[in-house]
Each structure stands twice: as structure tokens, then as C-alpha cells.
Amino acid sequence: MKDSKRLFVVLISLVVIVSVLLVVGILVIASMPGPAPASAPAPTATRVAAPTLSPTPTLSPTPKPTPSPTSELEYETEKEKLGIYEGDRIIPANYVNSILYKTKAGEYKIVFVLVGYSSVNVTIIDLFTAEKLFSIDNAIYNKLIDREYTDGVVPINSSLMDVTFLYLSAPIDIVSDFNVLNFLDEDWAYALYKRFESVEDFYKFYTISELADIYLQYIPKEYRVYGSDFTPGMKAKFPDITPSPVPSGMPNPPQTVTP
């Protein structure tokens, strides 16, 4: 009997122990932290395209006046517009002068001219049209070429009544004498100077048509004067010329033109 009771007690103890262990196990499991939440996926880096490098723009220099026409057709048109009166007439280069005047609109103009002398005055005549442009008293003319002043230069052609006469010079001296436009910095003016620099070229004979070619080759469009810019009048007479050498830059001999 005692053995049965002892066995019963042992069994009860085992049941209690097992129950306690089960409860403890359940509590332990319940107190354990749950699974960690899934971490957000790391952002995928976006690949940025490298910027396209544009070539550095090349700065264009300020355009200068273009001395010569751009095409053969344009050249012929420009030459026709000069209004050449006697294209085959022979003129020595050292007889050709140039004048610079300023229009009422503020434009500077260059004209190739011949100078006619008389006992009273000097007449400035357009080389290509033979139109008489200005008249200058002989006493004033000497001061004009010495750059003392330009007062007393009287327009003859009615189209020139509102212009301001500035300079009279040989074409070879434009580069330095027409300093109101600072031609020392202009390639075309220096090229014109070089064109007549040699004594041979300065005293060489040219037809007026050939001198027109030189005018178009070197004088930029901005400064050109055409036949239509003058009012038609009584043209000067161009005599046959036998040149007599004169120093560069000095006034032309009096036999150049009969006004």
C-alpha cells in the first residue's frame, strides 16, 4: 500500500513538473521578439548622363569694310555705277588726287579727282564722270594742301551743297592724310599706299577705266561715290597729258585739266 501511494505521489510530481515546464516554455516563446520587419530596399542609384560639352564659340572680329566686290557680276555693276565718261583716256597716276568729304547724313566719302588750274581758281573734278565738284581760290588752295584749313572750298555741283569738305590728298597719302578716319589702322588704306609706293608705279600711265579698277579694288563700299550721286552738269575737258614728274604728295601740275 505504501508503495502505491509513493508511486502516486511521484506521478503527480512528474505531472506538475511537466506542466510547469510547459507553462515556462510557453511564456518564454511568447516573450521572444517577433521577426524583424523587412528592411526597405536600398534605393537604386540613377545613372546621370555626363553633360555634352559644346565647343567654345569663336568670337568673330568686327567686320571691316570690304574693299572689293564679291562677284564678277557685282564688280561690273559697281564699275558701271561709277559713270565713267572717258574710260580710254590716259592719266598718269601722279596726277590723280583724292578728296574726303562728309555728307549731311554723317557718311564719309572718298572721290578720285583731277585738279584743274586757272589764273583765278582751282577746280576739283571727278575723275570718272568729269563732273566739276568744287572750286577753290588759288590763294586758299595753297593753305588747303598745307592742311591749314578748308574754308573757301565752294561746291559747284548742286548735290554737294550740304557736304563738309575735309581733305585733298594724293591716293598714296590717304593712309596718313585722311586721319579723321584713322586710316593708319585700315588694311585697305595701307595696301593702296603700297600700290603706288614705288616711283615706277607712281608715275605710270593708266586709263581712267584702269584707275576705276584700282578705286573699286581698294576703296571700301562705305566710302565710294557713284555717278548718280552727282547732279549732271557741264563736264570738264580732259586734254591729252604729257606728265612731268612731281614729288609724292605735292599738288598736281597745272596742265592736268582744263576746267
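Index from 1, following the sequence.
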**Report entry** Over-ring placement of Lys81 relative to Tyr226, 6.0 Å and 45° cut-offs
**Finding:** yes
Requested in this report: Go through the steps to decide whether Tyr190 and Ile174 satisfy the test side-chain contact (heavy atoms from CB on, under 4.5 Å), and finish with yes or no.
Outcome: CA-CA 9 Å; Tyr190 185 70; Ile174 282 179; over 6 Å; no
Query raised in the report: Does Lys109 offer a backbone N or O that forms a donor-acceptor pair with the side chain of Arg224 under 3.5 Å?
Result: no
Query - Approximate separation, where rounding is to 0.5 Å, of Asp126 CG and Leu82 CG - result: 8.5 Å
Query - Same apolar cluster (I L V M F W Y, side chains within < 4.5 Å links), Ile156/Leu168 - result: no
Requested in this report: May I ask you to check whether Phe202 and Phe196 place their ring centres under 6.0 Å from each other?
Outcome: no
Query raised in the report: Which residues satisfy the side chain to side chain contact (heavy atoms under 4.5 Å, CB included) test with Asp213, sequence neighbours excluded?
Result: Tyr75, Lys79
Query raised in the report: How many angstroms lie between atom OH of Tyr203 and atom OH of Tyr95, to the nearest 0.5 angstrom?
Result: 10.0 Å
Query raised in the report: Hey, which of Val111, Ile214, Ile110, Val225 is the one that makes side chain to side chain contact (heavy atoms under 4.5 Å, CB included) with Ile219?
Result: Ile110
Query raised in the report: Roughly how far apart are Phe178 CZ and Ser98 OG, rounded to 0.5 Å?
Result: 4.0 Å
Report task. Please say whether more than 12 non-hydrogen atoms of neighbouring residues, nucleotides or ligands are located less than 6.0 Å from CD in Glu80. Result -> no
Report task. Give the intermediate values and the outcome of side-chain contact (heavy atoms from CB on, under 4.5 Å) for residues Ile125 and Val113. Result -> CA-CA 5 Å; Ile125 301 160; Val113 298; 5.8 Å; no
Query raised in the report: Is Ile124 linked to Tyr108 within one hydrophobic cluster, defined over Ile, Leu, Val, Met, Phe, Trp and Tyr using a side-chain heavy-atom separation of less than 4.5 Å?
Result: yes
Report summary line: When rounded to the nearest 0.5 Å, the distance separating OH of Tyr193 from CG of Asp173 is 8.0 Å
Query raised in the report: When rounded to the nearest 0.5 angstrom, what distance separates CD1 in Ile99 from CG in Leu133?
Result: 5.5 Å
**Report entry** Pair Tyr215 + Phe112: ring centers closer than 6.0 Å
**Finding:** yes
Query raised in the report: Roughly how far, to the nearest 0.5 Å, is CG of Leu211 from CZ of Arg89?
Result: 13.0 Å
Query raised in the report: What pair of heavy atoms forms the shortest contact from Thr207 to Asp88, and how long is it?
Result: CG2-O, 4.1 Å
What donor-acceptor contacts under 3.5 angstrom involve side-chain atoms of residues 158-165, with partners at least two apart or in another chain?
from, atom 1, to, atom 2, distance (Å)
Ser158, OG, Thr231, OG1, 2.9
Ser159, OG, Asn157, OD1, 2.6
Ser159, OG, Asp229, O, 3.0

Query raised in the report: Stepwise, does the side-chain contact (heavy atoms from CB on, under 4.5 Å) test hold for Phe128 with Ile208?
Result: CA-CA 7 Å; Phe128 304 125; Ile208 291 180; 3.8 Å; yes
Report summary line: Between Tyr101 and Phe230, the two heavy atoms sitting closest are OH-CE2, 4.1 Å
Report task. May I ask you to decide if Ser119's main-chain N or O and Asn138's side chain share a donor-acceptor pair within less than 3.5 Å? Result -> yes
Report task. Show your working on side-chain contact (heavy atoms from CB on, under 4.5 Å) between Val154 and Ile136 and close with a plain yes or no. Result -> CA-CA 6 Å; Val154 180; Ile136 310 169; over 6 Å; no
Query raised in the report: For residues Ser135 and Asn121, is any side-chain donor paired with an opposing acceptor at under 3.5 Å?
Result: yes
Query raised in the report: Within the distance-only criterion (no hydrogens, no angle test), does the side chain of Lys235 pair as donor or acceptor with the backbone N or O of Thr129 below 3.5 angstrom?
Result: yes
Query raised in the report: Are the side chain of Glu131 and the backbone N or O of Gly233 linked by a donor-acceptor pair below 3.5 Å?
Result: yes
Query raised in the report: If you look at every heavy atom in Ile90 and Phe205, which pair is closest and at what distance?
Result: CG2-CD2, 2.8 Å
